[in-house]
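Just so you know, residue 1 is the first one in the sequence shown, and it goes up from there. Both counts, for ligands and for their atoms, begin at 1 and track the order of listing.
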Amino acid sequence: MPDTTQLSDQSIPERAVKKAEAFKEPPPPKRVMSIHAHPDDQEFTVAGTLAKWARAGSAIVTVCITSGDAGSNEKTDPDMAKHKLALIREEEQRNACRVLGVQHVEFLHYPDGVLQPTLELRRDLTRVIRKYKPAVVVCGDPTVRFYGNSYMNHPDHRAAADVALDAVFPSAGTRFIFPELIAEGFEPHEVKKIFIHGSEKGETYIDISTVLDIKIAALKEHKSQLGDWDPSKMIREWAKDEGKERGLEAAEAFRVMILKEDEEEKQE
Ligand SMILES: [Zn+2]
């Protein structure tokens, strides 16, 4: 009879190592693009990861498709002009990005609340992807319609995520899609990975315990939307909840799509 005791003794640590490898936090990408529908979406969802990556040297650009000019019934004065609100919210988004360490913010100026997954939007996102050439794109999950039984995902969030994914693949990397962009000087660019937040299949965890305060500080820059409400408690609870699965004090979870192996990352 083979000595099974010895076999299992060896395979357990090996399996543990493999498991630990699978759970290893991905290294900070060199260039990142974070795409969202509204000012503040980024701060509620992925700001911890961006703050951590920015501090590790990643170059990050935020793309905000609308300027949040629909505001909210609770926090927005009904006499507020939409164009004025857009300016206020763009400024708040810039301030939040400054807190996070994000270098650039691009606004595409689509109207808030009625976003559609159009080819026009796909072309606009393809243009910014080709302009900044990110290795990683961060966006939402267009397939999630319901979160629990009290929050229906905003249609703008679904449209933004849907078009972000379509712009990454196949538009950004394919020369003959949107040839007008080539005429504008934007050569094809292949994104390597997509980090999708808010996904039910999130299996990649970023430990944000050292940057949780920065995430909260960035969110607080959206003063026109928060009013007197302090979001700290809720954000801390969310981060704790996300991290629980991996024994992390605070985390953000992502479904990661690997479209192209990163040669530099493999050599490290
Ligand atoms: Zn939103």
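- Inspection of the E106 and Y132 side chains reveals an N or O donor paired with an N or O acceptor under 3.5 Å.
- Checking E90 against H109 by side-chain atom types alone, a donor-acceptor pair falls below 3.5 Å.
- Hydrophobic cluster membership for I182: none, as no Ile, Leu, Val, Met, Phe, Trp or Tyr side chain comes under 4.5 Å of it.
- In this structure, I177 belongs to a hydrophobic cluster whose other members, linked by side-chain heavy atoms under 4.5 Å apart, are F178, L181, F186.
- The aromatic rings of W238 and F44 lie tilted to each other, with the angle between the two planes from 30° to 60°.
- Screening residues 155-168 for side-chain hydrogen bond (donor to acceptor under 3.5 Å, both in side chains), with sequence neighbours left out, gives H38-D156, H38-H157, D41-H157, N153-H157.
- Sorted by chain and number, the protein atoms of type N, O or S within less than 2.8 Å of the Zn ion (ligand 1) are H38 ND1, D41 OD1, H157 NE2.
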